[in-house]
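Letters go in sequence order (proteins before strands), and every chain restarts at 1.
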Amino acid sequence: MSDFADRLTRWQRLHGRHDLPWQVADPYRVWLSEVMLQQTQVGTVIPYYQRFVTTFPDVATLAAAPLDEVLAHWAGLGYYSRARNLHAAAQKVMTYFGGVFPRSAQLLETLPGIGRSTSAAVAGFCYGERVAILDGNVKRVLSRWAGIAGFPGEKAVEKQLWALAESLLPVSETDMPAFTQGMMDLGATLCTRSKPQCQPCPLRGDCRARLEDCTAELPARKPKKSVPERETYMLLLRHQGRWLLQKRPPTGIWGGLWSLPETAAIDAGIAYCQDRLGLRVELAEALPELVHTFTHFRLTISPLVLDVLEMDARVAEDDHAWFTRSDALQAGIPTPVRKLLQLV
DNA sequence: AACTCGGGGTA
DNA sequence: TACCCAGAGTT
């Protein structure tokens, strides 16, 4: 019986995925894809990736672009700190590494947004460096193959999985790209969360979960937790065919994106318009509530359409701007804001 | 160690 | 509905 790495790399070369758009000899594109794929499925990423590389074909172009334009291409993909870190990392590659991508996982990990797994993926794919990845696919494959019962999000279990992943690396650097891709491909195509296809799996001979018939129980589910509820009003301020958007602070939810002004109550919203924005407004319409679910809370949005009757001559603050509906939809805006602007 | 950070796919 | 997805950064 050949060992784990041999079986996996052989399987990947014969039956793995070879036509993904980021399977190219370009560390910039591999890096971009790995960041986009953090906590995001392949099918979701592909159209974003295509648009992104068309606009930003290399690290120098990305580094020179305004952050707003980068965020506009990321809007809808989620986890917007990834876009900010990507932009900052591109600038660091230009200024600190002379425009050349770092050639080791250790150096790659010094770039913002690149952690242990992403650095290993880029180094393994592009340079053949013998470093292990540990993403959702690998956690599932290894917890089943080794019969590890604990929840992979738990520190001790994760540490065990990292050690196991490192112990299974191929001896030869030339096998690293196929091995790394094989771990991902196996988890994505055969060793799926539900109804895994064990029959064609190259690891079925010594897979503990398969031998003990417990693939459905591994990996362990995330412990349940109640999801907090929050609510807010979003103000759709209309003035001469334009809508007022407000740039969110760089950190926190929807960081750096253009969004709608929010208030906790209708009265406070009207007062906010008067006192802070210098607008005299009239309530035109209350749109139906919109429920938006995040990973860690649920947000109920009550949208209010307000007509602007009068505007102060005062200079608008930097973080506010009037957008046509069309321009707003092309800017970096959160998904629920996009849905609202498409209604009005 | 626990929490923050999106949005969509899927059973 | 609830969990998961080519995780990283902060507290």
Side-chain angles (χ1 to χ4, degrees), chain A residues 16-17 20-23 29-49 71 74-86 88-89 108-125 132-141 143 151-159 161-162 165 177 180-189 191-195 216 219-228 230 248-257 259 291-299 332-339:
Chain A
R17 297 174 293 184
L20 295 168
W22 42 82
Q23 290 178 318
R29 297 190 181 212
V30 174
W31 164 57
L32 171 63
S33 72
E34 290 301 329
V35 173
M36 284 189 164
L37 288 160
Q38 288 167 3
Q39 299 294 288
T40 312
Q41 295 183 354
V42 168
T44 303
V45 163
I46 287 176
Y48 284 89
Y49 173 85
L71 284 170
W74 207 275
L77 197 55
Y79 284 152
Y80 300 98
S81 65
R82 293 185 294 175
R84 291 193 300 278
N85 285 332
L86 193 81
L108 283 165
E109 209 171 332
T110 67
L111 296 173
I114 301 186
R116 182 172 175 183
S117 192
T118 299
S119 67
V122 175
F125 282 137
I133 62 168
L134 189 64
D135 60 16
N137 288 314
V138 180
K139 287 176 179 173
R140 188 167 53 255
V141 169
S143 63
F151 170 56
E154 195 179 328
K155 202 65 183 177
V157 178
E158 191 175 354
K159 185 176 179 183
L161 288 168
W162 271 115
T180 303
Q181 189 67 53
M183 294 296 283
M184 295 173 171
D185 290 351
L186 195 61
T189 64
C191 197
T192 49
R193 182 158 73 97
S194 61
K195 299 178 184 172
R221 296 285 191 273
K222 179 180 183 173
K224 272 182 144 179
K225 249 186 356 184
S226 64
V227 180
R230 300 185 199 172
R248 300 184 62 88
T251 59
I253 204 86
W254 298 328
L257 270 66
S259 189
V291 177
H292 191 75
T293 305
F294 295 89
T295 307
H296 48 299
F297 66 95
R298 188 187 351 265
L299 181 66
I333 58 176
T335 292
V337 173
R338 173 173 299 275
K339 288 178 181 170

Side-chain donor/acceptor of A/Ser81 to base of C/dG9, under 3.5 Å: no
Side-chain N,O (A/Ser117) to OP1/OP2 (C/dA6) below 4.0 Å: no
Residue A/Ile253, side-chain atoms from C-beta onward, closest of C/dA8, B/dC5, B/dG7: B/dC5
Distance in angstrom units between A/Phe151 CZ and B/dA2 C1', rounded: 12 Å
Sugar-phosphate, base or nothing in reach of A/Gly187, heavy atoms under 4.0 Å: nothing
A/Ser33 vs C/dA6: side-chain N/O to OP1/OP2 distance below 4.0 Å: no
Candidate nucleotides C/dC5, B/dG8, C/dA6, ranked by approach to the side chain of A/Arg140 - the nearest: C/dC5
Any A/Lys139 side-chain nitrogen or oxygen under 4.0 Å from OP1 or OP2 of C/dC4: no
Which residue lies more 5' along DNA chain B, comparing A/Lys225 with A/Thr293 via nearest heavy atoms: A/Lys225
Residue-phosphate contact under 4.0 Å: A/Tyr79 side-chain N/O, C/dC5 OP1/OP2: no
A/Gln39 side chain near C/dG7 phosphate (N/O to OP1/OP2, under 4.0 Å): yes
Closest heavy-atom pair and its distance - A/Glu34, A/Val122: CG-CG2, 4.3 Å
Under-3.5 Å donor-acceptor pair between A/Thr40 side chain and B/dG6 base: yes
Along DNA chain B (nearest heavy atom to each residue), the more 5'-positioned of A/Thr44 and A/Trp254: A/Trp254
Candidates C/dC5, B/dC5, C/dG9 - which lies nearest the side chain of A/His296: B/dC5
